[in-house]
Amino acid sequence: MEVDRADGRTRNQLRPLACTRGTLNRAHGSATWSQGETKVLAAVFGPKAGTKKNENPEKACIEVIWKPKTGQIGKPEKEYEMILKTTLQSICLLTVNPNTTTSIIVQVVNDDGALLPCAINAACAALVDAGIPLKHLAVAICCCLPDGGYVILDPCKLEEQRTKAFAYLVFPNSLASVRRKGSLQVEVEPVEHGIITSVTRGVMPVEDYLRCLERGRAVSAKLSEFLRRSM
């Protein structure tokens, strides 16, 4: 049974994707990422000498600064910063530039749902634009659980507000997507079937969460292919 969505999409259909790299001249790397009307600009500065307080000087430090469209940063934005930092640290090769700090500034241009996944995708594209060494690329998706007991992907703001629960999922890309022929090989764990980050909101039974994982992993291949083409 198909589901009627406000914009006419099917339950597994993503909003139109767009990615532009090199948006800012003064940043070492930058990218804009949009999914429908949700749009985020990410800028990378660094690596700069020295690490932040309480960071390991034997590794590179990742700093994330979240800038909302309007108003001051609050608790939700602080949580987004933490999730973004943890996610980006897991895909960056932190031992390549030890005792340095790379800052990623995330500017929300417009929020029409699935904001955090959009920000993660923008930040990943900006890191590539800046030439930051990565283990692999990553793509993020939001899976929603409306009252009907089915899963819808990439919700707009209205769908997010009406849903009983949703999950932000970040999946790794193939290692081949970021390694050039003859480049230095780095020993890392297999990532083809793994998951990098998982954040849930609302009440979600285990069975529904596993369905979200299945749907999210299936569509991550499309997101990965789009990201590779954008690179």
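Quick caveat, the model's predicted, so the values are computed rather than measured.
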Looking at every heavy atom in both [X] and [Y], which two are closest together, and how far apart are they?
X: E160; Y: Y168; result: OE2-OH, 3.3 Å
X: C118; Y: Q35; result: CA-OE1, 3.9 Å
X: R5; Y: P155; result: NH2-CA, 3.8 Å
X: L153; Y: N12; result: CD1-O, 3.7 Å
X: L213; Y: I195; result: CD2-CD1, 3.4 Å
X: P146; Y: K164; result: O-CE, 3.8 Å

Side-chain ([X]) to main-chain ([Y]) donor-acceptor, under 3.5 angstrom:
X: D129; Y: A125; result: no
X: T197; Y: V170; result: no
X: E77; Y: G74; result: yes
X: Q107; Y: P68; result: yes
X: T20; Y: T32; result: no
X: T100; Y: N97; result: yes
X: E159; Y: C156; result: yes
X: T163; Y: L145; result: yes

Mind checking the [atom1]-[atom2] spacing from [X] to [Y]? Nearest 0.5 Å is all I need.
X: W66; Y: I83; atom1: CH2; atom2: CD1; answer: 9.0 Å
X: S220; Y: E225; atom1: OG; atom2: CD; answer: 12.0 Å
X: L134; Y: C124; atom1: CG; atom2: SG; answer: 6.0 Å
X: C61; Y: K53; atom1: SG; atom2: NZ; answer: 13.5 Å
X: I120; Y: L115; atom1: CD1; atom2: CG; answer: 10.0 Å
X: K135; Y: S90; atom1: NZ; atom2: OG; answer: 6.5 Å

Yes or no on side chain to side chain contact (heavy atoms under 4.5 Å, CB included) for I73 and E81, after CA distance, side-chain angles and deciding distance?
CA-CA 10 Å; I73 186 171; E81 286 181 344; 3.3 Å; yes
Checking side-chain hydrogen bond (donor to acceptor under 3.5 Å, both in side chains) against K157, which of D111, D112, N110 comes through?
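Looking at D111, D112, N110, the match for K157 under the side-chain hydrogen bond (donor to acceptor under 3.5 Å, both in side chains) is D111.
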Contacts of Y209 meeting ring pair (Phe, Tyr, Trp, His ring centres under 6.0 Å) (sequence neighbours excluded), chain-then-number -> none
In chain order, what residues pass the ring pair (Phe, Tyr, Trp, His ring centres under 6.0 Å) check against F171, with sequence neighbours excluded?
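Per chain and number, F171 pairs via ring pair (Phe, Tyr, Trp, His ring centres under 6.0 Å) with no residue.
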Using a 4.5 Å cut-off on heavy atoms from C-beta on, say whether the side chain of [Y] contacts that of [X].
X: I196; Y: I91; answer: yes
X: L17; Y: K222; answer: no
X: T102; Y: L88; answer: no
X: C143; Y: L169; answer: yes
X: S224; Y: L137; answer: no
X: D154; Y: R9; answer: yes
X: K59; Y: Q89; answer: no
X: T38; Y: R15; answer: yes

Please name all residues satisfying salt bridge (Lys or Arg N to Asp or Glu O under 4.0 Å) with K52, sequence neighbours left out, ordered by chain then number.
E63
Apply salt bridge (Lys or Arg N to Asp or Glu O under 4.0 Å) to K85 and list each qualifying residue two or more places apart in sequence or on a separate chain.
E55
Take L14 and I141 through the test side chain to side chain contact (heavy atoms under 4.5 Å, CB included) and record every step on the way to the result.
CA-CA 9 Å; L14 302 178; I141 187 68; 3.5 Å; yes
Side-chain heavy atoms under 4.5 Å apart, restricted to Ile/Leu/Val/Met/Phe/Trp/Tyr: what other residues fall into the cluster of L41, or is it alone?
L24, V109
Is the number of heavy atoms from other residues, nucleotides or ligands within 6.0 Å of NZ (K78) greater than 12?
no
Listing request: all ring pair (Phe, Tyr, Trp, His ring centres under 6.0 Å) pairs with a residue in residues 28-55, at least two apart in sequence or in separate chains.
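Output for this query lists W33-F226.
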Using the side-chain contact (heavy atoms from CB on, under 4.5 Å) definition, which of the options I132, L127, L84 pairs with I104?
L127
Sole candidate of I65, V64, V44 that passes side-chain contact (heavy atoms from CB on, under 4.5 Å) when paired with I105:
I65
Quick one: do V203 and L210 end up in the same hydrophobic cluster if we chain Ile, Leu, Val, Met, Phe, Trp and Tyr together by side-chain heavy atoms under 4.5 Å apart?
no
